[in-house]
Amino acid sequence: MKRIAVLTSGGDAPGMNAAIRAVVRTGISKGWEVFGIRQGYAGCMTGDIIPLGARDVGGIIQQGGTILGSARCPAFTTEDGRRQAIRALRQHNIEGLVVIGGNGSQTGSYELHKMGFPVVGVASTIDNDLYGSEITIGVDTALNIALEAIDRLKVTASSHQRAFLIEVMGRHCGYLALMAGIAGGAEAIVIPEAELPPDKVADEIQEAYERGKKHGIVVVAEGARYNAEKLEAYFKENEEQLGFDLRVTKLGHVQRGGEPLAFDRILATRIGAGAVHALERGETGKLAGLNNGDITLTPLDEVVANKKSLNPELIELAGILAK
Ligand code: F6P
């Protein structure tokens with residue numbers, strides 16, 4: 001194998017640049033040429049492919065986002081789109097591809113693999129909802145950004161005896177909300193895996209005040225059925241009867257924009273290098289991830305067929321510690 005390419009796809013995640021750097025420099029260390037594909041699968045289809053040398057990835061390990069750009073690319077979900085991408089890769093004599101991204105991106109990797117193109121995935125999404133890696137690139141940094149917000153909101157919540165609701169990212173998965181709620185000492189956590197209807201959220205806050213707490217912090221995952229809008233509407237409607245009001249902060253994309261913390265830089269570096277080693281061994285059609293402290297390779301068919309679940313003990317723990 002002489003020429004490989006790397007792309008970043010889907011929602012960006014702090015640490016993607018560290019992964020690109022690791023792929024490039026590990027590839028070069030094997031005597032290979034490494035190329036970057038811009039704007040994810042969209043650039044793959046149009047052949048937007050540039051050479052990347054060791055110096056091109058200098059000074060990026062500490063940068064958030066992705067120097068290659070990323071995209072969600074509906075055209076790539078069609079077979080024609082994928083054929084076009086493979087044609088472009090072959091025109092550039094690319095013999096192996098590293099795809100840095102989450103669920104949607106690794107579904108794309110799997111499709112390329114099934115069409116015979118050698119590909120290895122790198123587990124990267126702030127949502128931590130990707131089967132095959134117990135933690136993914138970007139999660140730790142995103143979690144710390146959410147925590148900083150919660151800590152700050154708790155201060156003002158205590159001053160005013162107010163309830164605050166913080167909505168964190170996580171389209172289908174409550175991992176970020178659960179962990180931010182545990183680490184931030186929330187009074188209630190609302191996630192798709194353990195829904196809490198608005199009246200129960202209100203009860204939690206009410207009881208917290210009765211126990212002498214000065215603040216009521218609710219952390220909600222954006223993917224929960226009772227999301228920020230629904231909870232806010234309920235609290236507005238019942239403000240008088242409840243005796244307290246609720247302020248809402250939606251963190252949104254702020255969580256994706258940070259500079260990667262040490263954990264994500266190291267995780268991304270290890271997984272990125274692991275993906276290149278896998279390409280060298282011909283272990284393609286797999287996702288490089290972290291499990292029990294080791295870099296592992298999980299077949300992409302397993303990755304796309306399985307859903308990562310939240311540890312129920314952590315959900316229970318959150319409830320106990322909120323008291
Ligand atoms: O998948 C990562 C993620 O940040 C989700 O938490 C969120 O729902 C989604 O991406 C937002 O996507 P977009 O950046 O396309 O709005």
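Both ligands and their constituent atoms are indexed starting at 1 by order of listing. Just so it is clear, the model here is predicted, and its values are computed rather than measured. Quick note: residue numbers are just sequence positions, from 1.
Qualifying ring pair (Phe, Tyr, Trp, His ring centres under 6.0 Å) partners for Phe164, counting only residues two or more places apart in sequence or in other chains: none. Residues passing the side-chain hydrogen bond (donor to acceptor under 3.5 Å, both in side chains) test with Ser133, sequence neighbours excluded: none. By the ring pair (Phe, Tyr, Trp, His ring centres under 6.0 Å) test, Tyr209 is found to be paired with Phe244, residues two or more places apart in sequence or in another chain being considered.
Counted by atom type alone, Asp264 and Thr141 present one or more donor-acceptor pairs between their side chains at under 3.5 Å. Counted by atom type alone, Lys286 and His113 present zero donor-acceptor pairs between their side chains at under 3.5 Å.
Protein residues are said to neighbour a ligand when one of their heavy atoms lies under 4.0 Å from it; for ligand 1 these are Arg72, Ile126, Asp127, Met169, Gly170, Arg171, Glu222, His253, Arg256.
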Margin query: Is there a side chain to side chain contact (heavy atoms under 4.5 Å, CB included) between Val34 and Val57? Walk through the geometry before answering.
Written below: CA-CA 11 Å; Val34 186; Val57 292; over 6 Å; no
